[in-house]
2 protein chains.
Amino acid sequence: MVARRVLKYAILGLLRKDDKSGYDMTSDFKQAIGQFWSAKHSQIYTELKKLLEEELISSYIELSGEKLEKKMYTLTEKGKEDLHTWLLTQDDHLETEKDVFALRLYFLKDIPSADLLALFENQLNLRTDKLNMLQEQFAYYFGEENPAEDLDADELGHYFVLTKALSREENYIHWLMESMDIIRQRQLGE
Amino acid sequence: MVARRVLKYAILGLLRKDDKSGYDMTSDFKQAIGQFWSAKHSQIYTELKKLLEEELISSYIELSGEKLEKKMYTLTEKGKEDLHTWLLTQDDHLETEKDVFALRLYFLKDIPSADLLALFENQLNLRTDKLNMLQEQFAYYFGEENPAEDLDADELGHYFVLTKALSREENYIHWLMESMDIIRQRQLGE
DNA sequence: ATCAAACATGTCATTGTTTACATGTTTGAT
DNA sequence: ATCAAACATGTAAACAATGACATGTTTGAT
């Protein structure tokens, strides 16, 4: 699925400020940005190799301790330009945002309400945990008070991504609870 | 990315009520359920072949006009059971819900506010069009008045999927507008 | 000192998905 | 009658992504 060579640009983007190793990128995808894109280390290492060949990045070795070699990557001029162009690219259509829970739900004509509610309950738990995690992250990085307009340009991307993840999760939970109410109402009428 | 053999279950699910051809399924993915899963005809036809081999579905020919053969598929008992089991499966974790716009945004530290707003504007247009389309669909299938509790069990899946798609889109648009406000506020302070 | 968890890098086989190639029929508008 | 759009089915090459295999180092807790 998915648009063309997104991982390529995700990697170039992660290198926009600091040099990083493949391992660092793997870690990044476990943080905030991992809410919107992610890749396993196996894919990252092969993509890095390709980007080196294409001369969009260059690499050097940094020692971690006495023997452990960290391979650090930097954007080349060519890489910076390519990234810049991609960042300003406007999508001309929206792709399917896949969601297996919603797919499953679409088929649930034969499933008893009780089982249906159990599925919703499970999804609600998972989503609530995620929301809590995101709220903690937000509080940690941006404090309890409203930050908004007076942030560093540097932090703005992080701020947007976290608020987006939060609102997505809140919305999901809200819809889950509304839908559960409907199912319960229908149960009464059975 | 993505969970295991979802297309397999999407196809079995589409066959839950009526027999369908590969072409019919391709069309289904352009309707409501396409908001949450979709596949191209090439992938559908190869998956159907596989499901036949696995004896989860069986097929027969239906003539469309005088020569055009439509290959229709039905769930076998085995297929029904497999589908049923999958429908009741609870996810044990949430996967990354990829979103290229949010990814791009995360990297936008060097982009001037004007360009940033143009990107948001574009996204807002795409999302607004989609929301309108969904609202029309909703009005068409469920009328203007509040349906909710007194729907056929049959239609409930469709109802859930449409309300989910609607609320997802409304939420996206709301976040876009809030973020654009923040960018404009920051512009004033420049 | 031991040892587990985290750090660190890579390859390979398989699966999932898209794009392009390839071909033919039916319907409905003009 | 013509013709384009929609109907209809398939294959193949290339690309995207995961999971398993494979190996070794450093850090920090006990």
Side-chain angles (χ1 to χ4, degrees), chain A residues 1-11 14 19-31 34 36-54 57 59-73 92-98 100 103, chain B residues 1-11 14 19-31 34 36-54 57 59-73 92-98 100 103:
Chain A
M1 44 162 273
V2 153
R4 289 163 50 232
R5 291 201 71 184
V6 178
L7 181 59
K8 163 183 165 180
Y9 292 105
I11 289 175
L14 288 174
D19 297 355
K20 286 180 191 255
S21 66
Y23 189 86
D24 293 334
M25 296 174 194
T26 309
S27 310
D28 285 338
F29 285 134
K30 289 171 187 158
Q31 302 302 308
F36 298 106
W37 202 265
S38 111
K40 310 287 182 192
H41 79 273
S42 51
Q43 200 190 357
I44 293 169
Y45 287 121
T46 40
E47 188 65 33
L48 283 168
K49 205 173 144 189
K50 205 168 165 189
L51 294 175
L52 268 180
E53 279 163 25
E54 296 171 315
I57 57 177
S59 74
Y60 56 94
I61 299 295
E62 204 174 87
L63 278 181
S64 205
E66 269 174 49
K67 299 195 212 166
L68 223 194
E69 303 194 334
K70 264 189 92 156
K71 202 183 277 185
M72 303 297 287
Y73 296 92
D92 60 349
H93 69 280
L94 300 173
E95 31 189 290
T96 295
E97 299 165 82
K98 295 187 172 181
V100 177
L103 176 69
Chain B
M1 46 160 268
V2 153
R4 289 163 49 232
R5 291 202 72 185
V6 178
L7 181 58
K8 164 183 164 180
Y9 292 105
I11 288 175
L14 288 175
D19 297 355
K20 283 178 194 259
S21 66
Y23 189 86
D24 294 334
M25 296 174 195
T26 309
S27 310
D28 285 338
F29 284 135
K30 288 169 187 160
Q31 303 301 309
F36 299 106
W37 202 266
S38 109
K40 310 286 181 192
H41 79 272
S42 53
Q43 200 189 355
I44 293 170
Y45 287 121
T46 41
E47 187 65 32
L48 283 168
K49 204 172 145 189
K50 206 170 165 189
L51 294 175
L52 268 180
E53 278 163 26
E54 296 172 315
I57 56 177
S59 73
Y60 58 94
I61 299 296
E62 204 174 88
L63 277 183
S64 205
E66 270 174 50
K67 300 195 211 165
L68 225 194
E69 302 196 334
K70 264 190 92 157
K71 204 183 274 183
M72 303 297 287
Y73 296 92
D92 61 347
H93 70 280
L94 300 173
E95 32 189 288
T96 295
E97 299 165 83
K98 296 186 171 183
V100 176
L103 175 69

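A note on names: the letters A, B, ... follow the listed sequences, proteins ahead of strands, and every chain is numbered from 1.
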Between B:K8 and C:dT15, is there a contact of a side-chain N or O with OP1 or OP2 at under 4.0 Å? no

Separation of D:dG19 C1' from B:R4 CZ (nearest whole Å): 11 Å

Per-residue pairing states of DNA chain C in dot-bracket (Watson-Crick or G-U under 3.5 Å; . unpaired, | other strand) read ||||||||||||||||||||||||||||||

For nucleotides 20-30 of chain C, just jot down a letter per nucleotide in 5' to 3' order: B, S or -, based on protein non-hydrogen atoms under 4.0 Å. B----SS----

Figure out the CD/P separation between A:E69 and C:dG10, and round it to whole Å. 10 Å

What I'd like to find out is whether the side chain of B:W37 reaches to under 4.5 Å of the side chain of A:T96, using heavy atoms alone. no

Got a sec, which residues hit salt bridge (Lys or Arg N to Asp or Glu O under 4.0 Å) with B:E69, two or more places apart in sequence or on another chain? none

Can you list the residues that meet the salt bridge (Lys or Arg N to Asp or Glu O under 4.0 Å) rule with B:K71, with sequence neighbours excluded? none

Rounded to whole Å, please give me the gap between OH in A:Y45 and C1' in D:dA17. 17 Å

Please confirm whether the shortest side-chain N or O distance from B:Y23 to OP1 or OP2 of D:dC7 is below 4.0 Å. yes

Whole-Å distance, B:L63 CG to D:dC7 P, equals 18 Å

Side chain of A:S21 - closest among C:dG16, C:dT9, C:dT18: C:dT9

Does D:dA8 have OP1 or OP2 sitting under 4.0 Å from an N or O in the side chain of B:K70? yes

Within less than 4.0 Å of OP1 or OP2 of C:dT18, is there a side-chain N or O belonging to B:Q43? yes

Sub-4.5 Å side-chain heavy-atom contact between B:Y9 and A:L103: no

With sequence neighbours excluded, what pairs up with A:K20 under the salt bridge (Lys or Arg N to Asp or Glu O under 4.0 Å) test? A:D28

Would you say a side-chain N or O of B:K98 is under 4.0 Å from OP1 or OP2 of D:dA17? yes

side-chain hydrogen bond (donor to acceptor under 3.5 Å, both in side chains) with B:Y73: which residues, sequence neighbours excluded? none

Under the rule for side-chain hydrogen bond (donor to acceptor under 3.5 Å, both in side chains), what residues qualify as partners of A:E54, not counting sequence neighbours? A:R5

Rounding to an integer number of Å, can you tell me how far A:L7 CG sits from C:dT17 C1'? 16 Å

Taking 4.0 Å as the cut-off, does a side-chain nitrogen or oxygen of B:K49 come that near to OP1 or OP2 on D:dG10? no

Can you name the residues that form a salt bridge (Lys or Arg N to Asp or Glu O under 4.0 Å) with A:D24, not counting sequence neighbours? A:K70

For a quick test of reading the model, state the closest non-hydrogen atom pair linking A:L52 to A:I57 and the distance between them. CD2-O, 3.4 Å

Ranking B:G22 and A:E47 by the position along DNA chain D of their nearest nucleotide, the one closer to 5' is B:G22

Starting at atom CG of A:D28, determine the distance to atom C1' of C:dA8, rounded to an integer number of angstrom. 15 Å

A:R5 CZ to C:dT19 C1', straight-line distance once rounded to whole Å: 17 Å

Under the side-chain contact (heavy atoms from CB on, under 4.5 Å) test, which residues partner A:Y45, sequence neighbours left out? A:Y23, A:H41, A:L48

What integer distance in Å separates B:Y60:OH from D:dA8:C1'? 16 Å

Which part of the nucleic acid, if any, lies within contact of B:S27, taking any heavy atom under 4.0 Å across all strands shown: a base, the sugar-phosphate backbone alone, or nothing? nothing

